[in-house]
Asks: 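Take a look at the following structure, please.
Below, chain A is the first sequence line, B the second, and so on; all start at residue 1. Since we're looking at a predicted model, the values are computed, not measured.
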Amino acid sequence: MSDYLTRLNPEQRAAVETVDGPLLVLAGAGTGKTRVLTTRFAHILMTRRAWPSQVLAVTFTNKAAKEMRERVSAILGQPAEGLWLGTFHALCARMLRRHAALAGLEHNFTILDTDDQMRLLKQIMVAENIDTKRWPPQALMSAIQRWKDKGLTPDRVTTAEDVDFANGRARDLYAQYQRRLKDVNAVDFGDLLMLVVEILRTNPDVLASYHRTFRYILVDEYQDTNTVQYLWLRLLAQRPAPEPQNICCVGDDDQSIYSWRGAEIENILRFERDFPGATVVRLESNYRSTRPILGAAAGLIAQNNGRMGKTLRPGRNDADGDKVRVVSLWDSEEEARMVGDRIEQGQRRGDRLSEMAILVRAGFQTRAFEERLITLGVPYRVVGGQKFYERAEIRDAMAYLRVLNQPADDLAFERIVNTPKRGLGETTIRAMHALARQEGKPLVVAAWRMIETGAIRAKPKAALHELLEGFARWREALPREGHVVVTATLLDESGYTDMWKQDKSPEAAGRLDNLKELIRAIGEFDTLAGFLEHVALVMENDENAEAERVSLMTLHAAKGLEFDTVFLPGWEEGLFPNQRALDEGGEKSLEEERRLAYVGITRARKHCIISHAANRQMYGTWSSAVPSRFLDELPEAHVEREGGAGAHRNRMASAPSAFSGQFPLVARKPRVIEAGSWEVAERPARTAAIPVGQRVFHQKFGYGRVVAAEDNKLDVEFEKAGRKRVIDTFVEKA
DNA sequence: AATCTTAGAGTTTTT
DNA sequence: CTCTAAGATT
C-alpha cells in the first residue's frame with residue numbers, strides 16, 4: 001500500500017479514499033485539513049483516475065494555492081505542472097481570457113484595483129449629476145459588489161434585490177459602470193467570477209467542454225464561498241449523467257468569518273441537499289492544541305446555533321497543559337504591559353518570539369502593543385496592514401506600466417498624467433475627457449489630437465507632448481531592451497524617481513527602495529503582461545516569516561496560522577463582540593463574532609492568554625468597558641482567572657500602575673544577567689553595530705540621533721517622536 | 001495649479 | 001487622537 005496513505009488517521013484516510021461522488025469534509029481547526037486535501041489530490045493522480053489537467057483545485061488565497069502545489073509535488077516526486085490549481089479569481093481570470101470575446105472584452109483586459117474602481121464610479125456619478133454628498137459612491141460600490149457576489153449582472157438585478165440609492169438609479173448606474181469597464185477593456189475583481197458564470201450559463205458548448213475536462217474538483221475553505229463562487233462550482237460539478245459529480249469540498253462551518261464579504265455559510269450547511277448522495281466525513285482529531293485550549297474553544301463554540309456539529313478532541317497523547325488564562329486589567333495600558341511582560345518572561349525561558357502572537361479584533365488595537373514592544377525592545381512584525389502592491393509609489397509605477405502595455409487604459413493614464421507634477425491640472429484633464437468622450441477614443445488618443453490641433457495652452461501642451469513622446473519611445477524600446485530595462489528608464493525619464501528623491505518626508509527613502517524592489521520583481525516574469533496579471537491577482541506581502549519576531553495581527557489575518565503562545569486582548573463588550581457588527585447583523589453577527597473568538601483560541605498550541613481592560617483609551621478619550629460575554633462562556637474547568645478584582649478596582653488600588661512605566665527598567669536587570677549566562681551565546685555576534693552619535697532613520701519614528709547603546713538596543717532621541725528605545729535592526733544609518 | 005485648512009470618520013478585507 | 005478627503009485660498 002502506498003506510503004502516503006499510511007501516515008493518515010482513519011478519518012483522514014476516508015476523506016482521501018472516497019474519490020467518487022460528492023464529498024464534504026468537515027475539518028475542524030488543526031485536524032490536518034491541508035494534508036487531506038493535498039494527499040487526496042496526489043492520490044487521484046497516483047491511481048491514474050485523472051491526468052493533472054483534469055483536476056480543478058480551488059483555494060481562496062495564493063498562499064494556500066502555493067502550498068498545495070508544493071505539497072502535491074512533494075508526494076508525486078516531481079513538479080506538478082499543467083494543473084488547474086489556484087484561487088477562484090486566478091482560475092476565473094484564466095477562463096475569462098480564453099473566452100473574453102463572449103463577454104465583450106479583448107483578451108488582454110486589465111484587472112482593476114479598488115482605487116480605479118472607485119474613480120470610475122465617481123466619474124459616472126458626477127457625469128450624471130448625482131449629489132455625491134447625499135449618495136456616497138462608496139455605498140453604491142458596495143451594492144454593486146454585493147450584486148456581483150451573487151452573480152447578478154445589471155439585467156438580472158430584480159426589484160427585490162434593488163437598493164435605495166439616488167432615487168432608484170442604482171441599477172442604471174451599475175449598468176453604466178459595466179459599460180465603462182468594457183469601454184476601457186477592464187474588469188474588476190467581482191467581474192472575474194460573475195462574467196465567467198454568465199458565460200457558462202449562456203454558452204452550453206463552453207460549459208460542456210469544461211465538463212469533459214474536469215473529472216475531479218477540490219475546494220478548500222468551502223465555508224467562505226459566496227454565491228457566485230458557489231454557482232461557478234455547481235455549474236462545473238454538475239456533469240450530465242452518467243458522469244459522477246466528483247466534487248470534494250473541505251471546510252469548517254465554525255470558522256466562517258467572512259459573511260460581511262459575501263460569504264454564505266449556508267453553502268456548506270446545504271451541501272448534502274445540493275449534491276444528493278453526498279458523503280460527509282468529519283475530521284475531529286486535533287493535533288495542534290492542548291486539552292484545555294480545545295476544551296475552552298469547544299465550550300465557547302457550543303453556544304452557537306445552526307452548526308453542522310463537530311467536537312474537537314485531542315489527537316495527541318501529550319495533550320495536557322496549562323489552562324487558558326483570563327486576565328482582568330485596570331486599563332488598556334496595563335494590558336499592553338501585561339502582554340509585554342509575559343513575552344519577555346517567555347523569552348527568558350527560551351521561547352521563540354516567532355512562536356508568539358497577539359491577535360486583536362480591529363487593526364487600531366495593534367498600536368498600543370507596538371508602542372509597548374518598542375519600549376521593551378522586543379522585535380515584532382505587524383502582519384497584514386498595507387501590502388506592497390498597495391503602496392502609492394508602486395501603484396503609480398504600475399500605472400505607467402499599464403499605459404505602456406495597454407494605451408487604452410484610461411484610468412492608469414489619468415493616474416500618472418500629472419504625477420509627478422507637470423502642470424497638467426483640472427482644466428487640461430477635463431478638456432481631454434471631453435474630447436475623448438466626443439470621439440469615443442481613449443484619453444491618450446484625445447491627448448495627441450489636442451496637441452495636433454493646438455486646442456491647449458503652450459505650457460501644458462509641451463508637458464503633455466513630452467510625456468506622450470516618452471511613452472512612444474519606451475514602447476518602441478520594449479522589444480529591443482526588454483521590460484526590465486525599459487521600466488527603469490521609464491521611471492527615470494518620466495521624472496518619477498526624481499519626484500521621490502526630492503521629497504524630504506521620512507518615507508521617501510523607503511519608497512525609492514520599494515521601486516527598486518519592483519524592478520527586481522519584474523525580472524522574474526517573461527513579459528510585462530504576465531507581470532501585470534501577477535500583480536493584479538497575487539498581491540503577496542513581502543514579509544519574511546522567518547524573522548525572530550512577535551507577530552501582531554487581526555483575528556481575521558490569523559486564520560490558518562498557529563503559534564505556541566497566543567495573546568487575545570481586548571475581550572470587551574463593544575470591541576469584541578464588536579458593537580457595529582451587533583447593530584448591523586444582530587444574532588447572526590454575534591455568532592460570527594463568536595466563531596472569530598473560536599478561531600483565535602484554536603490558533604494556540606500551548607498557551608492562550610485572554611485579557612480585558614476595565615478602561616480603554618479610544619480616539620483620545622477614556623471610556624470604561626464591560627468584560628466580553630464570551631469570557632463567561634468559557635467553561636470553568638479549562639480556565640484560570642487572574643486579577644478578577646482588577647476590573648472593579650478603584651483608582652487607589654490601581655495607583656501603582658501609574659508608575660509602572662518605570663518597572664521594566666528595574667525588571668530588566670535580572671534579565672541581563674540571565675541573558676549573559678546562556679541566551680547571548682545562542683545569538684550570533686553582531687557585526688555592523690550602530691555607534692552612539694550616529695544619525696539614524698526609523699520606519700515609525702523618522703529621523704533621530706543615537707544617545708546610548710546596549711547590546712542590540714539603542715536609545716534614540718528622535719526629532720519628532722522624542723526619546724525611544726529601539727532595536728538596532730529597526731533603524732538604518734541616515 | 002498648487003498649497004493650506006478644516007471637517008468628518010475611525011471593524012474585519014483571502015482576491 | 002489621527003488620518004483622509006474635500007473645499008478655500010494664494
Asks: Nearest to the side chain of A:Tyr258, heavy atoms from C-beta on, is which of B:dT11, C:dA6, B:dT14?
Replies: B:dT14

Asks: Just call it for A:Lys421: base, sugar-phosphate, or nothing, with non-hydrogen atoms closer than 4.0 Å on any strand.
Replies: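 Sugar-phosphate contact only.
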
Asks: Would a 4.5 Å heavy-atom cut-off, applied to side chains only, mark A:Ile265 and A:Lys588 as touching?
Replies: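 A side-chain contact under 4.5 Å is absent here.
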
Asks: CZ of A:Arg367 versus C1' of C:dC3: gap in Å, rounded?
Replies: 11 Å

Asks: May I ask you to decide if the ring planes of A:Trp260 and A:Tyr258 are parallel, tilted or perpendicular, using 30° and 60° as cut-offs?
Replies: tilted

Asks: Whole angstrom is fine here: how far is it from NZ in A:Lys148 over to P in B:dT15?
Replies: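 Rounded to the whole Å, the gap is 19 Å.
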
Asks: Between A:Arg603 and A:Phe563, is NZ or CZ placed under 6.0 angstrom from the six-membered ring centre and within 45° of the ring axis?
Replies: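 Ring-cation test returns no.
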
Asks: Just N and O in the side chain of A:Thr114: are any of them under 4.0 Å from OP1 or OP2 of B:dT15?
Replies: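 For B:dT15, OP1/OP2 do not have a side-chain N/O of A:Thr114 under 4.0 Å.
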
Asks: Out of B:dT13, B:dT11, B:dT15, which nucleotide sits closest to the side chain of A:Asn62?
Replies: B:dT15

Asks: Round to the nearest Å and state the distance from A:Glu426 atom CD to C:dG7 atom C1'.
Replies: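 Value for this atom pair: 12 Å.
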
Asks: To the nearest Å, how far apart are A:Asp115 CG and B:dT13 P?
Replies: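 Going from A:Asp115 (CG) to B:dT13 (P), I get 18 Å.
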
Asks: Would one find a side-chain N or O of A:Lys133 under 4.0 angstrom from OP1 or OP2 of C:dA5?
Replies: no

Asks: Would you call the rings of A:Phe525 and A:His534 parallel, tilted or perpendicular if under 30° counts as parallel and over 60° as perpendicular?
Replies: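 Ring orientation, 0 to 90° scale: tilted.
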
Asks: Among C:dA6, B:dT14, B:dT15, which is the nearest nucleotide to the side chain of A:Phe189?
Replies: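 Shortest atom-to-atom distance from the side chain points to B:dT15.
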
Asks: Can you check whether A:Trp260 stacks with the B:dT12 base, using ring centres under 5.5 Å and planes within 30°?
Replies: yes

Asks: Please check the phosphate of B:dA1 (OP1 and OP2 only) for any side-chain N or O of A:Thr427 closer than 4.0 Å.
Replies: yes

Asks: Could you tell me the separation between the CZ atom of A:Arg146 and the C1' atom of B:dT13, rounded to a whole number of Å?
Replies: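 One finds 15 Å between C1' of B:dT13 and CZ of A:Arg146, rounded.
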
Asks: Heavy atoms under 4.0 Å, any strand shown: does A:Gly363 hit a base, just sugar-phosphate, or nothing?
Replies: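 It contacts sugar-phosphate atoms only.
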
Asks: Please tell me if A:Arg580 has a side-chain N or O lying less than 4.0 Å from either OP1 or OP2 of B:dG10.
Replies: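 True: A:Arg580 side-chain N/O within range (under 4.0 Å) of B:dG10 OP1/OP2.
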
Asks: Taking the six-membered ring for Trp, does A:Tyr619 stack with B:dG10 (centroid gap under 5.5 Å, planes within less than 30°)?
Replies: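 Yes, A:Tyr619 stacks on the base of B:dG10, since the ring centres sit under 5.5 Å apart and the planes are within 30°.
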
Asks: Using a cut-off of 4.0 Å on non-hydrogen atoms, how would the nucleic acid contact of A:Glu584 be classed: base, sugar-phosphate, or nothing?
Replies: base

Asks: Does A:Ala581 or A:Arg261 map to a spot on DNA chain B nearer the 5' end, using the closest nucleotide for each?
Replies: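 Nearest nucleotide further toward 5': that of A:Ala581.
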
Asks: Classify the side chain of A:Arg361 versus the base of B:dT12 as yes if they form a donor-acceptor pair under 3.5 Å and no if they do not.
Replies: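 Under the 3.5 Å cut-off, the side chain and the base do form a donor-acceptor pair.
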
Asks: When we call it a touch if two heavy atoms are under 4.0 Å apart, what does A:Ser259 touch: a base, just sugar-phosphate, or nothing?
Replies: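 If one applies the 4.0 Å heavy-atom cut-off, A:Ser259 turns out to touch nothing in the nucleic acid.
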
Asks: Which residue, A:Gly423 or A:Asp224, contacts DNA chain B at a nucleotide closer to its 5' end, judged by nearest heavy atom?
Replies: A:Gly423

Asks: To the nearest 0.5 angstrom, please state how far the CG atom of A:Asn304 sits from the OH atom of A:Tyr598.
Replies: 10.5 Å

Asks: Can the positive tip of A:Arg616 be found less than 6.0 Å from the middle of the six-membered ring of A:Trp622, inside 45° of the ring normal?
Replies: no

Asks: Measure the distance from CG on A:Asn418 to P on B:dT3 and round it to the nearest whole Å.
Replies: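 After rounding, the reported distance stands at 11 Å.
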
Asks: Nearest-Å distance, CG (A:Asp113) to P (B:dT14)?
Replies: 14 Å

Asks: Write down the distance between CD (A:Gln255) and C1' (B:dT12), rounded to a whole number of angstrom.
Replies: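 My rounded result for the distance is 16 Å.
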
Asks: Taking OP1 and OP2 of B:dT13, is either one under 4.0 Å from a side-chain nitrogen or oxygen of A:Thr554?
Replies: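 It does, given that an N or O in the side chain of A:Thr554 lies less than 4.0 Å from OP1 or OP2 of B:dT13.
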
